[in-house]
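As a basis for the values below, the full set of heavy atoms in this structure was taken, side chains included, without hydrogen atoms, waters or symmetry mates. All residue numbers refer to positions in the sequence shown, counting from 1. Model, not experiment: these values are computed from the prediction.
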Amino acid sequence: MEDPNHNSWERQGQPCEADSTDQEGTRPVPASGETPLTGAAKSGTALNISTAASKFLMNVITVEDYKSTYWPKLDSAIEQLLTQSPGDYIPISYEQIYSCVYKCVCQQHSEQMYSDLIKKITNHLERISEELQVSPPDLYVERFNIALAQYMGALQSIVPLFIYMNKFYIETKLNRDLKDDLIRLFTEQVAEKHIYSLMPLLLDAQSTPFQITPSTMANIVKGLYTLRPEWVQLAPALFSKFIPNILPPTVESDLLEYAAQDQRFQRELIQTGFTRGDQSRKRAGEELAYSGSTACASARGYR
């Protein structure tokens with residue numbers, strides 16, 4: 001039988017709190033005006049309390065339970081999220097993982113869980129960095145782009161799954177935020193170690209049209225800016241093409257130089273095989289000139 005006055009151990013989504021008991025901790029405190037139970041009534045109440053306590057103790061997550069049962073489930077889910085390709089279906093139960101995290105927070109395993117999560121992701125990023133180190137130059141930029149996109153995509157699932165740990169441990173006790181911590185991990189373990197190898201390749205590709213696809217270039221530059229905005233100083237002109245308002249406002253004396261740059265860009269396009277195409281339609285050269293001028297004007301911040 002259940003005690004009809006027994007309160008839930010999980011109130012309003014908060015970590016567990018014990019119910020009110022008397023000083024001896026053996027039974028609920030009688031409300032004012034109630035007649036204390038005696039005789040058979042006492043025996044029945046004691047039985048109910050014993051049953052409820054037993055059920056609670058059966059749900060206790062020991063340190064060994066956490067290590068052998070709960071963390072392995074979380075570890076497996078994190079591994080799948082970190083290694084999935086965009087658009088892949090991951091056969092995991094988000095509800096189950098979310099519940100697992102919640103129970104561990106209730107049972108005071110937040111500190112260990114946070115430590116395990118950081119260690120897990122750090123090890124993953126160290127492997128990514130080592131793979132980039134041995135990548136040939138012609139694949140290096142694209143592999144960096146894939147690693148960055150894959151990781152940022154994984155965070156969109158990992159951070160919400162650990163929302164209770166973030167709210168009741170990281171924000172409360174560490175005064176930090178889980179997403180910021182995980183972005184900082186990628187910066188320290190991957191981007192910082194490769195930024196001075198990556199930037200020369202990006203700058204070289206900038207002067208050789210289509211050596212790197214425009215989408216890859218944009219993703220990397222925007223990603224680096226997200227990780228550490230001060231990296232703009234390494235190549236202001238490159239960042240200004242993808243991040244608005246990076247450079248100071250354009251002045252009139254710069255317009256002739258910008259026009260000359262656009263003309264050089266058009267000549268490079270023609271040399272790489274672009275032709276005027278069907279003369280019965282709008283000429284390809286004119287369309288490219290219009291598009292190039294518009295893009296450059298937008299990037300430099302003038303109207």
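Cluster annotation: V105 and I163 are assigned to the same hydrophobic cluster (Ile/Leu/Val/Met/Phe/Trp/Tyr, side-chain heavy-atom contacts under 4.5 Å, transitive).
Under a 3.5 Å cut-off, the side chain of T187 and the backbone N or O of I183 do form a donor-acceptor pair. Side chain of N219 to main chain of S215: a donor-acceptor pair is present (N/O by atom type, distance under 3.5 Å, no hydrogens or angles). Panel note: side chain S68, backbone E64; a donor-acceptor pair is recorded below 3.5 Å. With hydrogens and angles disregarded, a donor-acceptor distance shorter than 3.5 Å links the side chain of T122 to the backbone of I118. Side-chain atoms of S240 come within 3.5 Å of backbone N or O of A237 as a donor-acceptor pair. The backbone N or O of V60 lies less than 3.5 Å from no partner atom in the side chain of Q107, so there is not a single donor-acceptor pair.
Of all heavy-atom pairs between A205 and M217, the closest is CB-CE, 3.9 Å. Between A147 and F186, the shortest heavy-atom distance links the atoms O-CE1, 4.0 Å. Between L203 and A235, the shortest heavy-atom distance links the atoms CD2-CB, 3.8 Å. Scanning all heavy atoms of the two residues, the minimum distance from C104 to I61 falls at N-CD1, 4.3 Å. Annotation for G223 and L148: closest pair CA-CD2, 3.8 Å, computed over non-hydrogen atoms. Taking both residues in full, the closest heavy atoms of L224 and W231 are given as O-CE3, 3.7 Å, listed atom of the first, atom of the second, then distance.
The existence of a salt bridge linking E79 and K120 is confirmed by a sub-4.0 Å separation between a basic side-chain nitrogen and an acidic carboxylate oxygen.
Interatomic distance, CD1 of I78 versus CG of D116, reported as 8.5 Å (0.5 Å rounding). Here CD of Q156 is found 11.0 Å from CG of L81. Values are rounded to the nearest 0.5 Å. Taken from CG in L74 to CD1 in I158, the straight-line distance is 11.0 Å, to the nearest 0.5 Å. Summarising the geometry, atom CD belonging to E95 is positioned 12.5 Å from atom SG belonging to C100; distances are rounded to the nearest 0.5 Å. Rounding to the nearest 0.5 angstrom, the gap separating the CD1 atom in I220 from the CZ atom in F242 is 9.5 Å. L227 contributes atom CG, which lies 11.0 Å from atom CD of E188 (distance to the nearest 0.5 angstrom).
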Please tabulate, for the side chains in residues 132-146, all donor-acceptor contacts under 3.5 angstrom to protein atoms that are two or more places apart in sequence or on a different chain.
| residue | atom | partner | partner atom | Å |
| --- | --- | --- | --- | --- |
| S135 | OG | E131 | O | 2.9 |
| S135 | OG | R143 | NH1 | 3.1 |
| Y140 | OH | H194 | ND1 | 2.7 |
| E142 | OE1 | T216 | OG1 | 3.1 |

Anything under 3.5 Å between a donor and an acceptor, one on a side chain of residues 169-182, the other on a protein residue two or more places apart or in another chain? List them.
| residue | atom | partner | partner atom | Å |
| --- | --- | --- | --- | --- |
| E171 | OE2 | N166 | ND2 | 3.3 |
| T172 | OG1 | K167 | O | 2.8 |
| R176 | NE | D181 | OD1 | 3.1 |
| R176 | NE | D181 | OD2 | 3.1 |
| R176 | NH2 | Y114 | OH | 2.8 |
| R176 | NH2 | D181 | OD2 | 3.4 |
| D177 | OD1 | N166 | ND2 | 3.4 |
| D177 | OD2 | K179 | N | 3.1 |
| D177 | OD2 | D180 | N | 3.4 |
| D181 | OD1 | R184 | NH1 | 2.8 |
| D181 | OD2 | Y114 | OH | 2.7 |

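Between M113 and L117 there is no side-chain heavy-atom pair separated by less than 4.5 Å. Between Y94 and S157, the closest side-chain pair of non-hydrogen atoms falls below 4.5 Å. The shortest distance between side-chain heavy atoms of V190 and Y151 does not fall below 4.5 Å. Using a 4.5 Å heavy-atom threshold, the side chains of R228 and I195 count as separate. Within the 4.5 Å cutoff, no side-chain heavy atoms of S129 are placed close to those of Q189. Counting only heavy atoms from C-beta outward, the side chains of K103 and H109 never approach each other to under 4.5 Å. Under the 4.5 Å side-chain criterion, counting only non-hydrogen atoms from C-beta, I246 is in contact with Y225.
For D204, there are no salt bridge (Lys or Arg N to Asp or Glu O under 4.0 Å) partners two or more places apart in sequence or in a different chain.
Checked against a 6.0 Å centroid threshold, the rings of Y98 and F162 do not count as neighbours.
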